[in-house]
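Numbered from 1 within each chain, the chains take letters A, B, ... in sequence-line order.
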Amino acid sequence: MADTTDKASAVRIVPRTLKGFRDYLPEQMLVREQLIETARRVYRSYGFVPIDTPALEYLEILEGKGGAESDKQMYRFQDHGGRWVGMRFDLTVPLARYVAQHLGQLDLPFKRYHIAPVWRGENTQRGRYREFLQCDFDTIGAESVAADVETALVIHDLMHALGIRQFTIRINNRMIFNGWAERWGLQQQAAAILRTLDKLGKIGPAEVERELREVVRLDERPAAELLQMVTAQGSNDELLRRLDQWGAGSPLSREGVERLRQIVDGFAAATGASLRLKIDPAIARGLDYYTGPIFETYLDELPSIGSVCSGGRYDDLAGLYCRQRLPGVGASLGLDRLLAALEELHLVEPVRTAAPVMIAFFDERYYHPYLQLATRLRQAGIGVELYAEPKKLAAQLKYADRRGFRYVIVAGTDEFQAGFCRVKDMRSGQQVDCSLADDAAQLVAFLTQALSERRPQS
RNA sequence: GUGGCUGUAGCUCAGCUGGCUAGAGCAUCAGAUUGUGGCUCUGAGGGUCGAGGGUUCGAAUCCCUUCAGCCACCCCA
């Protein structure tokens, strides 16, 4: 028809995606899903339960909760009913609303995990997108250090389960800083000071001091004192001792140091390996709502990509939505950033198939027997893909090779008439014959055995 | 959001100061090998030179705008 022709030659819409928003190819999704599954397993192993919340919230719920910066980055608009709404930029603020709203139905301490996308309209960079997946876990309504220790432990187990061996959880306690600010009457400038401190790793102590003096307008003595604390180096024990001396003039600071000590001790007791948790007085974190211990997790081999799992304690987040004071502690795994890092470090094994076995669609006349064989194997719990069309065997094997199938089943007239099929191991190239008698029992047994053998871990 | 670099085939890139029908490697498809992949050889297909506009006899090449990616600042997962 003329219409069709016109349509084909008419202006085509350019297929494209928004800046910072991405499509995921199957091989990427297979890895993503695997990581998500791992995170889920670890969270559940500590008793965290899943929740979900809407992507969209009333603007008043989200506004002003993550500091001025997240307000600027938030996607906001009026919906069809003229309501001002915003897309969530993290999972912590929605959690606060959620807890306040459902307090009656929740058992405290409430331990939940939440794996969902969040949106931030900031400039993109490697490992930094406008839509990305966060994997949060938090404990609400527990003030004890036990919840802090557990947060560190979950991060530790998480990294381990994700196959990452070279990582460091850096920990600090905001109370130490807050005690200092209190002593000097600088609570008002706290946020600005923290923001400057956060640059320490990048611009160095001298620049930070200069900025503290000139931009934040600190006097010489408090600035020098702060620098002394923040640049302290040494083992966890040494740092605890020094920080304790340093904060001697402030009960709050000393309490913070003591808490840090308890976390380090608890972590060591649980893991027997305290090296992964390192006290770092320079960790500041820009987010305003943290009040206690704070965590950042860096990959030792790629620190430049930033923290892949961060969090901390906030003692009054839900206070904005309800009267009850609800302390909480938790952290967030940045799955997309982690994945970008793993890819760069070549730590992701490319997987292109979801099923390990392929049946070659080799002879059209045996279509039904192929279907029956596939069904039989699936019933036995073996993932099977029947090649989508009858085609040259060489092409099918090539496809199987590229997609990474472990085994290909080849059967044509000769085999079916003799009652067996050939099973080709795609790695070794070797073939074995399996009888199809007795509902293909031999084939099922062979594949079950072969696939259960653990792949050698890289 | 501000500044810098980049954008040529599915991928990685070449194409010098504007000038023949825009190339290579890998990948794809076909054949050599009518029922056996990864190697080899032969051949084929595939390009709005990111998009739009401008300068010019002539633009992948120069200018402007725009979109996207990367890097720095900022902030952060």
Side-chain angles (χ1 to χ4, degrees), chain A residues 9 11-22 25 35 39 66-74 89-92 115-136 155 158 191 194-196 198-199 202-203 207 211 283-288 290 294-299 304-311 331-341 344 358 360-363 366 387 390-405 407-416 421-431:
Chain A
S9 61
V11 190
R12 230 171 293 141
I13 297 165
V14 184
R16 57 186 189 147
T17 46
L18 282 162
K19 182 185 176 77
F21 290 72
R22 300 166 305 152
L25 294 171
L35 295 184
E69 201 57 38
S70 34
D71 279 1
K72 259 188 271 171
Q73 295 178 353
M74 186 163 49
F89 54 85
D90 72 6
L91 299 177
T92 308
I115 298 175
V118 302
W119 296 270
R120 292 182 195 172
E122 65 178 333
N123 240 343
T124 55
Q125 240 169 84
R126 178 188 50 159
R128 212 167 156 166
Y129 313 100
R130 288 184 170 178
E131 178 181 61
F132 58 98
L133 203 68
Q134 285 202 327
C135 309
D136 276 36
I155 296 176
L158 188 55
L194 285 170
R195 233 174 295 125
T196 306
D198 211 32
K199 299 181 197 172
K202 275 187 181 163
I203 62 177
E207 260 309 288
E211 198 167 308
I283 296 290
R285 294 192 60 63
L287 267 77
D288 301 347
Y290 291 115
I294 44 185
F295 305 92
E296 298 204 329
T297 312
Y298 289 90
L299 305 184
S304 65
I305 201 141
S307 171
V308 294
C309 188
S310 316
S332 176
L333 172 74
L335 193 105
D336 292 285
R337 175 175 289 185
L338 177 70
L339 204 47
E344 193 164 328
M358 189 188 102
F361 195 162
F362 172 52
D363 187 334
Y366 290 95
Y387 192 79
K391 214 177 168 184
K392 255 177 59 176
L393 188 57
Q396 297 194 39
L397 285 170
K398 195 168 186 180
Y399 169 87
D401 182 43
R402 309 190 67 89
R403 293 282 310 281
F405 284 94
Y407 295 96
V408 172
I409 293 173
V410 181
T413 309
D414 298 348
E415 288 82 1
F416 276 118
C421 69
R422 294 185 188 281
V423 180
K424 187 180 179 86
D425 182 328
M426 291 304 282
R427 286 193 204 151
S428 65
Q430 289 178 339
Q431 295 192 133

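A/Gly429 comes within 4.0 angstrom of a base, heavy atoms only. Using a 4.0 Å heavy-atom criterion, one finds that A/Gly20 contacts the sugar-phosphate atoms exclusively.
Nucleotides of RNA chain B nearest to A/Asp425 and A/Ser332 differ in position, and the one nearer the 5' end is that of A/Asp425. When each of A/Ile203 and A/Gln430 is assigned the nucleotide of RNA chain B bearing its nearest heavy atom, the one mapping closer to the 5' terminus is A/Gln430.
Residues A/Lys19 and A/Asn123 are in side-chain contact: their nearest non-hydrogen atoms beyond the backbone lie under 4.5 Å apart. Between A/Met426 and A/Val408, some side-chain heavy-atom pair lies under the 4.5 Å cut-off. Contact of the A/Tyr366 side chain with the A/Thr413 side chain is registered, since non-hydrogen atoms from C-beta on lie closer than 4.5 Å. You'll find the side chain of A/Tyr399 reaches within 4.5 Å of the side chain of A/Met358, heavy atoms only.
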**OP:** Start with the C-alpha gap between A/Ser307 and A/Tyr298, add the side-chain angles, then the distance that decides, and say whether side chain to side chain contact (heavy atoms under 4.5 Å, CB included) holds.
**Re:** CA-CA 5 Å; A/Ser307 171; A/Tyr298 289 90; 4.1 Å; yes
Subject >> Test side chain to side chain contact (heavy atoms under 4.5 Å, CB included) applied to A/Tyr387 and A/Phe362, step by step >> reply: CA-CA 9 Å; A/Tyr387 192 79; A/Phe362 172 52; over 6 Å; no
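In this structure, the nucleotide among B/G37, B/C70, B/A77 sitting nearest to the side chain of A/Phe132 is B/A77. Listed nucleotides B/G37, B/A77, B/C75 differ in distance to A/Met426; the shortest reach to its side chain belongs to B/G37.
One can place CZ of A/Arg130 at 7 Å from P of B/A68, the figure rounded to the nearest angstrom. For the pair A/Leu338 CG and B/C76 C1', the computed distance is 15 Å after rounding to whole Å. Regarding A/Asp198, its CG atom lies at a distance of 10 Å from the P atom of B/A77, rounded to whole Å. Taking atom CD on A/Glu211 and atom P on B/C75, their separation rounds to 8 Å, with Å as the unit. The distance between atom CG of A/Asn123 and atom C1' of B/C5, rounded to the nearest whole Å, is 14 Å. One can place CD of A/Gln125 at 16 Å from P of B/G4, the figure rounded to the nearest angstrom. Atom CZ of A/Phe89 and atom C1' of B/C74 are 17 Å apart (whole Å). Rounding to whole angstrom units, CZ of residue A/Arg403 and C1' of B/G38 are separated by 17 Å.
To the nearest whole angstrom, the two P atoms, one in B/U8 and one in B/A44, are 26 Å apart. Atom name C1', nucleotides B/U21 and B/G69: the rounded distance is 32 Å, in whole Å. Comparing B/G37 with B/U28, their C1' atoms are spaced 16 Å from each other, to the whole Å. Distance noted for atom C1' between B/G15 and B/G23: 8 Å (whole Å).
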Hey, what are the protein-to-nucleotides 32-36 of chain B N/O distances that come in under 3.5 Å?
{"from": "B/G35", "atom 1": "O6", "to": "A/Asp414", "atom 2": "N", "distance (Å)": "3.3"}
{"from": "B/G35", "atom 1": "O6", "to": "A/Asp414", "atom 2": "OD1", "distance (Å)": "3.4"}
{"from": "B/G35", "atom 1": "O6", "to": "A/Asp414", "atom 2": "OD2", "distance (Å)": "2.9"}
{"from": "B/G35", "atom 1": "N1", "to": "A/Glu415", "atom 2": "OE1", "distance (Å)": "2.9"}
{"from": "B/G35", "atom 1": "N1", "to": "A/Glu415", "atom 2": "OE2", "distance (Å)": "3.1"}
{"from": "B/G35", "atom 1": "N2", "to": "A/Glu415", "atom 2": "OE2", "distance (Å)": "2.5"}
{"from": "B/U36", "atom 1": "O2", "to": "A/Lys424", "atom 2": "NZ", "distance (Å)": "3.2"}
{"from": "B/U36", "atom 1": "O2", "to": "A/Gln431", "atom 2": "OE1", "distance (Å)": "3.3"}
{"from": "B/U36", "atom 1": "N3", "to": "A/Gln431", "atom 2": "OE1", "distance (Å)": "2.7"}

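The shortest distance between the side-chain N/O atoms of A/Lys199 and the OP1/OP2 oxygens of B/C74 is below 4.0 Å. Residue A/Arg128 has no polar side-chain atom (N or O) positioned under 4.0 Å from OP1 or OP2 of B/A77. Contact annotation: A/Thr124 side-chain N/O to B/C70 OP1/OP2 distance is under 4.0 Å. Proximity of A/Arg402 to the phosphate of B/U28: a side-chain N or O atom is located under 4.0 Å from OP1 or OP2.
Using N1 to N3 plus N6-O4 or O6-N4 for Watson-Crick, or N1-O2 and O6-N3 for G-U wobble, each under 3.5 Å, B/U33 pairs with nothing. The base-pairing partner of B/C70, taking Watson-Crick or G-U wobble contacts with both distances under 3.5 Å, is B/G4. When Watson-Crick and G-U wobble pairs are counted only if both distances are under 3.5 Å, B/G52 pairs with B/C64. In this structure B/A9 sits in no base pair that meets the Watson-Crick or G-U test at under 3.5 Å.
Each of A/Arg128, A/Arg130, A/Lys72 was scored for a side-chain hydrogen bond (donor to acceptor under 3.5 Å, both in side chains) with A/Glu122, with one residue passing: A/Arg128.
Evaluation of atom-type donor-acceptor distances gives a pair under 3.5 Å for the side chain of A/Arg120 against the base of B/A77. With hydrogens and angles ignored, no donor-acceptor pair under 3.5 angstrom links the side chain of A/Glu296 to the base of B/A77. Remark: the A/Arg337 side chain and the B/C76 base include a donor-acceptor N/O pair separated by less than 3.5 Å.
A distance of 6.5 Å separates CZ of A/Phe89 from CG of A/Asp71, quoted to the nearest 0.5 Å. From A/Cys309, atom SG reaches atom CZ of A/Arg337 across 11.5 Å, with rounding to the nearest 0.5 Å.
For A/Tyr399 and B/G37, the ring-to-base geometry does not satisfy the stacking test (centroid distance below 5.5 Å, interplanar angle below 30°).
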